Amino acid sequence: PAKCSRARASSAPARKGCLRIACSGTGGPPGGDPGAGGPGGGAGGMGPGGAIVGDTVMATCDSPPCAAALLGRIAATTVAGIDQRSGATMPVGEDIYGPFEAGFGEDQNGILEQLGCSSGELGHVGGGIDTLTAQQMVAHQCQITLPRIEGNSFVALLDECGGHTMSYHFHESLSCLYTTDSGSAHSAQVGQGGDGRFLYGKWEDFGASELPKLDACGGHFGVTPDSNGVTLYHYHVQDAAPFTFGCFGPMPVGGEVYKMVTVGECRALYNGCGDSDAGTVATADGTRDYDFWCPCFDRGGSNVAAVELAVFDGPESAYTCTGATCVGKQAVASLTSPTGGEGGGGGDSSSTTRATSPTSGSPRIASGCMAVVAIAVAAIVAPWSLV
């Protein structure tokens, strides 16, 4: 696995020990309002919020707040990195996906058994669940430990950098892209969202062990290492869902006044938040309510409850900013996604529509199936070809 290619598409045979899987997920998010659905399915299409789903140049969110695509690419990395354990490298322009997966079904039984499930059937997880919760569910259902170290191999749904699959993309942490060396302060820039604004590592001030107080989109107003002292809206990586972007902010108030996005304002962007598909998920920590396909999480980490985020406890000045520079951004890089979005996507560019379900049987790499790239496998020769 340390030598596995991270090329997104190739007709070359798989390297020994590299996982190559083609599959369809267990189901994507429901469509938007009647008449709102655009091109979708296996090939992907332009998703909500203008993010990439398929071979499309990333568009901007010109009138925030906007929804981010629920499956597929919503951002791209702006720096390179390396997985210190495996030696695998990540170039600039790697895809950053949202928090959700299309699920684990019959096609992923082999992967689940490699993770340690006695039968892959035990580890099935539905779509619309964030990657951290999905991993906790698999571990609980299969009575295994995830993540874990076996020899020098990291066994998990995601690698230690927060990404996975031969069609490599990130969901969480991006920890291999920025330093936490002694004396470091505000985390460095690691990515750029579909709205053109930048994503930084998790720390507001690492030396002081200070995390930023973020809104429901995952952003806030502040000075960054590359803003030349100007206060502007930017995003940070988070340890919990939505991990990177819950939506694209901020919220205009009037004139040149802008505010951070509340949980309720975020959920209003998604048809799937507060709908009838909420249910429960079970992990080793117990059973809790979960609203599938809703990327807006409250202070307690719930996308069902509505305990407002801590930043809104403070004075108005803590969550507002005045002036055009508050929403300053650079042009979005013209990056494409060679292998398409995660299980399809689709929908038009409206910020209130949701991605449509992926086409069943799409013969693509398992970018929508939580394929494992972190697990050591003696030799795997998968019968599917890359497209």
Side-chain angles (χ1 to χ4, degrees), residues 67-68 70-71 74-75 96-101 125-140 146-147 156-164 169-178 180 187 190-191 193 199-206 209-220 234-249 260-267 269-270 272-273 278-313 319 370:
L70 296 175
L71 291 176
I74 61 174
I96 300 172
Y97 284 19
F100 299 129
E101 284 285 355
V125 173
I129 300 171
D130 69 89
T131 52
L132 179 59
T133 299
Q135 176 166 275
Q136 293 169 342
M137 292 174 67
V138 170
H140 177 62
L146 293 174
L157 299 184
L158 304 178
D159 63 23
E160 287 177 281
C161 300
H164 64 175
H169 58 273
F170 292 97
H171 285 280
E172 301 180 24
S173 84
L174 288 79
S175 58
C176 299
L177 304 186
Y178 66 98
T180 52
S187 293
V190 295
L199 172 71
Y200 296 80
K202 65 182 276 187
W203 295 103
E204 185 68 16
D205 187 337
F206 175 73
S209 299
E210 179 186 352
L211 293 171
K213 292 183 178 180
L214 305 174
D215 66 6
C217 290
H220 75 149
H234 62 280
Y235 305 94
H236 282 266
V237 176
Q238 305 173 65
D239 289 335
F243 309 120
T244 55
F245 304 88
C247 52
F248 296 128
M260 294 164 65
V261 179
T262 66
V263 172
E265 290 162 346
C266 177
R267 291 178 183 173
L269 298 172
Y270 297 93
C273 292
T280 59
V281 295
T283 71
D285 295 326
T287 300
R288 69 178 187 272
D289 294 333
Y290 200 97
D291 193 353
F292 307 104
W293 303 111
C294 180
C296 308
F297 294 81
D298 75 354
R299 185 186 309 206
S302 171
N303 63 356
V304 176
V307 181
E308 196 51 80
L309 299 166
V311 67
F312 296 102
D313 290 345
Y319 55 87
M370 295 194 288

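Scope of the values below: all heavy atoms of this structure, side chains included, with no hydrogens, waters or symmetry mates. All of these numbers come straight from a predicted model, not from anything done at the bench.
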- Task: Please step through side-chain contact (heavy atoms from CB on, under 4.5 Å) for the pair Val281 and Thr287, ending with a clear verdict.
- Result: CA-CA 6 Å; Val281 295; Thr287 300; over 6 Å; no
- Check step by step if side-chain contact (heavy atoms from CB on, under 4.5 Å) holds for Leu199 and Phe245. CA-CA 9 Å; Leu199 172 71; Phe245 304 88; 3.9 Å; yes
- Task: Please lay out, stage by stage, how Met137 and Ile129 fare under the test side-chain contact (heavy atoms from CB on, under 4.5 Å).
- Result: CA-CA 10 Å; Met137 292 174 67; Ile129 300 171; 3.8 Å; yes
- Take His140 and Gln135, measure what side chain to side chain donor-acceptor pair (under 3.5 Å) needs, and give me the verdict at the end. CA-CA 9 Å; His140 177 62; Gln135 176 166 275; over 6 Å; no
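Within the model, atoms CG of Leu269 and SG of Cys247 stand 5.5 Å from one another, a figure rounded to the nearest 0.5 Å. To the nearest 0.5 Å, the span separating OG on Ser173 from CZ on Phe243 amounts to 9.5 Å. Between the SG atom of Cys296 and the CG atom of Asp215 there is a distance of 10.0 Å, given to the nearest 0.5 Å.
Side-chain N/O atoms of Thr131 and Glu172 include a donor and acceptor closer than 3.5 Å.
Counting only heavy atoms from C-beta outward, the side chains of Leu174 and Thr244 approach each other to under 4.5 Å. Using a 4.5 Å heavy-atom threshold, the side chains of Phe170 and Cys161 count as touching. Between His220 and Val311, every side-chain heavy-atom pair lies at or beyond the 4.5 Å cut-off. No side-chain heavy atom of Lys213 sits under 4.5 Å from any side-chain heavy atom of Met260. Counting only heavy atoms from C-beta outward, the side chains of Leu211 and Asp205 never approach each other to under 4.5 Å. Annotation: side chain of Thr262 is not in contact with side chain of Tyr319 (no heavy-atom distance under 4.5 Å). Proximity of Cys266 to Phe297: side-chain heavy atoms (C-beta onward) are nowhere separated by under 4.5 Å.
Cys pair Cys273 and Cys294 passes the test of SG atoms under 2.5 Å apart.
Ring centroid separation for the pair Trp293 and Tyr270 does not come in under the 6.0 Å cut-off. The aromatic ring centroids of His234 and Tyr200 lie less than 6.0 Å from each other.
Between the side chain of His236 and the main chain of Gly201, a donor-acceptor pair closer than 3.5 Å is present. Although no hydrogens or angles enter the test, the distance criterion places a donor-acceptor pair under 3.5 Å between the side chain of His171 and the main chain of Gly98.
Legend: salt bridge (Lys or Arg N to Asp or Glu O under 4.0 Å) pairs involving residues 286-299, not counting sequence neighbours, sorted by first then second residue: Arg299-Asp313.
Residues passing the salt bridge (charged side-chain N to carboxylate O under 4.0 Å, His left out) test with Lys202, sequence neighbours excluded: Asp239.
Among Thr280, Thr133, Asp130, the one residue that satisfies the side chain to side chain donor-acceptor pair (under 3.5 Å) test with Tyr290 is Asp130.
His169 and Tyr97 have parallel rings, their planes meeting at less than 30° on a 0 to 90° scale where 60° marks the start of perpendicular. Ring-plane geometry between Phe206 and Trp203 is classed as perpendicular, the angle between the planes exceeding 60 degrees on a 0 to 90 degree scale with a lower cut at 30.
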